[in-house]
**Q** 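Here you go, one structure.
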Number of protein chains: 2
Amino acid sequence: MDVTIKDVAKAAGVAPSTVSRVIADNPRISPATKRKVKRAMEEMGYHPNVTARNLASRKTKALGVVLPFSADKALQNPFFPEVLRGISSIAHDMDYSLVLCTGETDEEMLEGVQRMVYSSQTDGILLLYSQVRDPIQSFLLEQKFPFVVVGRPAESGSEVTHVDNDNIQASKDITSHLLDIGHERVAFIGGSRELVVTLDRLQGYERALQQAGISSSESYKVHTEFLKSGGRSAVRELMSLSEPPTGLVVADDLMAIGVISTLEEAGIHVPEDLSIVSFNNVYLAQVSRPALTTVDVHIHDLGKEAAACLIAHVQRRDQPAKRVIIPHKIEYRSSAISRPAPSEV
Amino acid sequence: MDVTIKDVAKAAGVAPSTVSRVIADNPRISPATKRKVKRAMEEMGYHPNVTARNLASRKTKALGVVLPFSADKALQNPFFPEVLRGISSIAHDMDYSLVLCTGETDEEMLEGVQRMVYSSQTDGILLLYSQVRDPIQSFLLEQKFPFVVVGRPAESGSEVTHVDNDNIQASKDITSHLLDIGHERVAFIGGSRELVVTLDRLQGYERALQQAGISSSESYKVHTEFLKSGGRSAVRELMSLSEPPTGLVVADDLMAIGVISTLEEAGIHVPEDLSIVSFNNVYLAQVSRPALTTVDVHIHDLGKEAAACLIAHVQRRDQPAKRVIIPHKIEYRSSAISRPAPSEV
DNA sequence: AAGACCTATGCAAGCGGCTGCTCAAATGGA
DNA sequence: TCCATTTGAGCAGCCGCTTGCATAGGTCTT
């Protein structure tokens, strides 16, 4: 708490600069001196002061993590903790610390980001979501501040490094699965249209239909908030169509759980009456009933990769923007079953 | 990114110290000068460098947040994000930043905490869980480093400021509820015995039984990991007793969901065959089927209060340790129903 | 043996902002 | 009008560490 580099220097009989170089493991210091200094540090319980170090070296060894709290991006979604875990593991390995930035509204978050950037609190920033026309992305871009986004940037995609799944393909895959096992009327329930991930998954769904030669109907595509039970009305509407779907592609596990709940209330059983597939494969997906057939997007890897990219990027600023795609994998469980051949009414 | 206090000073035709005092809104600077300086800051896009400021003022305006990743404390539990939200809202208001510290193991976390403390990265630390014989708490205590824990410290409770629910009372309340609606055989499923919260809830359960004049049986108290499906075997064991319980007090919502799933697999229906109550009232509790009767512990308030306490504490170090109890409230939903009067066999 | 070169350290100037102290100007009182 | 006060602002040292440059020995060359 108190012993400084000077104290150590004095005790070891060397100059402060030497101690500093010992800390940095500078090859220009002889092994003998290093040992001597290290012993002194040990004995005195010396620990370098990061603040001073940061000031002198004009770096922070800290990454900013921006995660949304607003209702529809929903921090209660286990997606965030999980990606955080991935980020943290890399940050820890590379000796970076993480500073959190959140807010209930876009403005609050932007404010937070600006603070981080202007006051040089972090070397780079990680965006854990991607929405269209994101003022934060614009700001960061314009400031030329290093950042990487988890997800696909809606704009300037080629200029910003991002780590994502191929959500279009993933969605196409899982929709096709539903089609393959006999469903002909498959609807899509997505979250906020502002989120790129929703858009991508919707597009994948549409492509799958198209490939199967099924025309897609607007009434089969509904959007509702990630978590809000507002989903209820959307589901009811969907099921009261003259030709209700027999299969549902839901853009998120948690949403799927909410949807299933609503369905059951209405006396519709999953998967007997209706098959459901979703995305993310959070822990709950295997514990809820029925266990969810879902796309495992390897959340943890998304986080790890994003952190690694960002660190690489802040260490060598000249790196070009890159795009990393984390593979996905469908987990087949019990929320989707094959549809008996339709009876010709 | 570049303009410093000196540049502003020059532009405004004053000394750097004057600019500094303007920033601090020091009353010794005349309004006229303040205006002048502020205009200059504005025009030049000046933003103080926190690092330099921190170094000079020997504060960081940052709070460390320690949250566990290990399996049984489970970050996937929405409890953490939610308390984080509470913390964040206060931190934001008070202009503090949050730095995250996590780890998969206790050692990793201790390491992280030590780093924070030794290198003075934060002014104070928030512990989001409490376990018995916690090396982190001991360390912090011994270093006299300001910290507050969310939960009840197992040891030295009177010396460390903490924010908690009255979990014993809460557990007693909800267990009594089960008893009141006619259940006579009520079992308890808790998480890790290392966690104080588990211990408290167990104790509340026991007290309720005792007060109702029911003797508690060891086979009715089981512990399993917070999330792991390992819970399965525990549940099966419980249900294969010669006198299986008709009511279950589960120490956590997520666990309850897992338990219900296991039960249903075994053909036992909740709440018809078995009533379940749990704790926390996370978002899922109202969305899952059946919706959970659970104790709302006001997670968000826990976080807010904890952050407020910590900030108060770092600002005036001489404050005595205090204990804040957040009230709880039972949410009656559909996972617990009254037990028909037992038939006299 | 003397200059050329290393090697291992030390010196000192920052990094950007804070703050105790000093000092000049302005104000007020008599 | 003159001196005591108050007010406003500047000076300079410091926070703890990093780093370019200088330097003192020592080792090689030739």
Side-chain angles (χ1 to χ4, degrees), chain A residues 1-38 40-41 44-62 95 115-123 315, chain B residues 1-41 44-62 95 115-123:
Chain A
M1 220 102 161
D2 246 334
V3 24
T4 77
I5 211 170
K6 283 183 196 162
D7 302 323
V8 175
K10 203 168 299 169
V14 299
S17 52
T18 302
V19 177
S20 173
R21 287 192 247 264
V22 170
I23 296 171
D25 200 25
N26 187 312
R28 300 169 57 80
I29 302 293
S30 73
T33 306
K34 277 187 185 170
R35 266 195 303 280
K36 189 172 57 179
V37 172
K38 277 179 183 161
M41 295 196 309
M44 310 183 64
Y46 169 75
H47 294 273
N49 177 314
V50 254
T51 307
R53 186 212 289 274
N54 290 347
L55 178 58
S57 61
R58 271 83 101 36
K59 287 183 293 180
T60 67
K61 282 282 222 161
D95 239 55
R115 237 182 46 153
M116 280 188 170
V117 172
Y118 286 142
S119 57
S120 33
Q121 258 189 99
T122 58
D123 292 342
Q315 290 182 343
Chain B
M1 222 102 159
D2 246 335
V3 23
T4 77
I5 211 170
K6 285 181 195 161
D7 302 324
V8 176
K10 203 170 300 171
V14 298
S17 50
T18 301
V19 178
S20 173
R21 287 192 244 266
V22 170
I23 296 170
D25 200 27
N26 186 313
R28 299 170 56 81
I29 304 292
S30 71
T33 308
K34 279 189 185 171
R35 265 195 304 280
K36 187 173 60 180
V37 172
K38 278 180 183 161
R39 249 238 326 272
M41 296 195 309
M44 311 182 65
Y46 168 75
H47 293 273
N49 177 315
V50 254
T51 306
R53 188 213 288 273
N54 290 347
L55 178 59
S57 61
R58 275 83 115 22
K59 287 185 292 178
T60 67
K61 281 283 223 161
D95 238 55
R115 236 181 48 152
M116 281 187 170
V117 172
Y118 286 142
S119 56
S120 32
Q121 258 191 97
T122 58
D123 291 342

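Keep in mind it's a predicted model, so treat the numbers as computed, not measured.
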**Q** For A:Arg35 and C:dA8, give me the distance from atom CZ to atom C1', rounded to whole Å.
**A** 14 Å
**Q** State whether A:Ser57 places a side-chain N or O below 4.0 Å from either non-bridging phosphate oxygen (OP1 or OP2) of D:dT18.
**A** no
**Q** With a 4.0 Å limit, can you tell me whether A:Tyr118 has a side-chain N or O closer than that to the phosphate oxygens OP1/OP2 of C:dG16?
**A** no
**Q** Check every strand shown and say whether A:Arg28 touches a base, only sugar-phosphate, or nothing at a heavy-atom separation below 4.0 Å.
**A** base
**Q** When you measure from the side-chain N and O atoms of B:Ser30 to the phosphate of D:dA9, is any distance below 4.0 Å, counting only OP1 and OP2?
**A** yes
**Q** Contact class for A:Val14 vs. all strands (heavy atom < 4.0 Å): base, sugar-phosphate, or nothing?
**A** sugar-phosphate
**Q** Passes side chain to side chain contact (heavy atoms under 4.5 Å, CB included), A:Val50 versus A:Lys61? Steps please.
**A** CA-CA 9 Å; A:Val50 254; A:Lys61 282 282 222 161; over 6 Å; no
**Q** Which whole-number value in Å describes the distance from B:Arg21 CZ to C:dT22 P?
**A** 14 Å
**Q** How long is the straight-line distance from CG of A:Asn49 back to OH of B:Tyr118, given to the nearest 0.5 Å?
**A** 14.5 Å
**Q** Taking only the side-chain nitrogens and oxygens of B:Ser20, find out if one of them lies under 4.0 Å from OP1 or OP2 of C:dC18.
**A** yes
**Q** What nucleotide among D:dT19, C:dG17, D:dC17 has an atom nearest to a side-chain atom of B:Thr4?
**A** C:dG17
**Q** Send over the distance from A:Lys34 NZ to C:dT9 P, rounded to a whole Å.
**A** 10 Å
**Q** Measuring from atom NZ of B:Lys34 to atom CE of B:Met41, what distance do you get when rounded to the nearest 0.5 angstrom?
**A** 11.0 Å
**Q** Go through the N and O atoms of the side chain of B:Ser17 and the base of C:dC18, and report whether any donor-acceptor pair is under 3.5 Å.
**A** no
**Q** For B:Pro16, which contact category applies under a 4.0 Å heavy-atom criterion: base, sugar-phosphate, or nothing?
**A** nothing
**Q** What distance do B:Leu55 atom CG and B:Thr60 atom OG1 have between them, rounded to the nearest 0.5 Å?
**A** 12.0 Å
**Q** Whole angstroms only, please: what is the CD1-C1' distance between B:Ile5 and D:dA9?
**A** 14 Å
**Q** Between B:Ala52 and A:Thr18, which residue's closest nucleotide on DNA chain D lies nearer the 5′ terminus?
**A** B:Ala52
**Q** Return the value, rounded to whole Å, for the distance between atom NZ of B:Lys59 and atom P of C:dG17.
**A** 16 Å
**Q** Roughly how many Å is it from NZ in A:Lys10 to P in D:dC17, rounded to a whole number?
**A** 13 Å
**Q** Write down the distance between NZ (A:Lys36) and C1' (C:dA8), rounded to a whole number of angstrom.
**A** 11 Å
**Q** What residue among B:Val8, B:Ile29, B:Val22, B:Val37 forms side chain to side chain contact (heavy atoms under 4.5 Å, CB included) with B:Val14?
**A** B:Val37
**Q** Give a yes or no on whether a donor-acceptor pair under 3.5 Å exists between the nucleobase atoms of D:dG16, that is its base, and the side chain of B:Arg58.
**A** no
**Q** Check this one for me: any side-chain N or O of A:Arg53 less than 4.0 Å away from OP1 or OP2 of D:dT18?
**A** yes
**Q** Rounded to whole Å, please give me the gap between CG in A:Leu55 and C1' in D:dC17.
**A** 8 Å
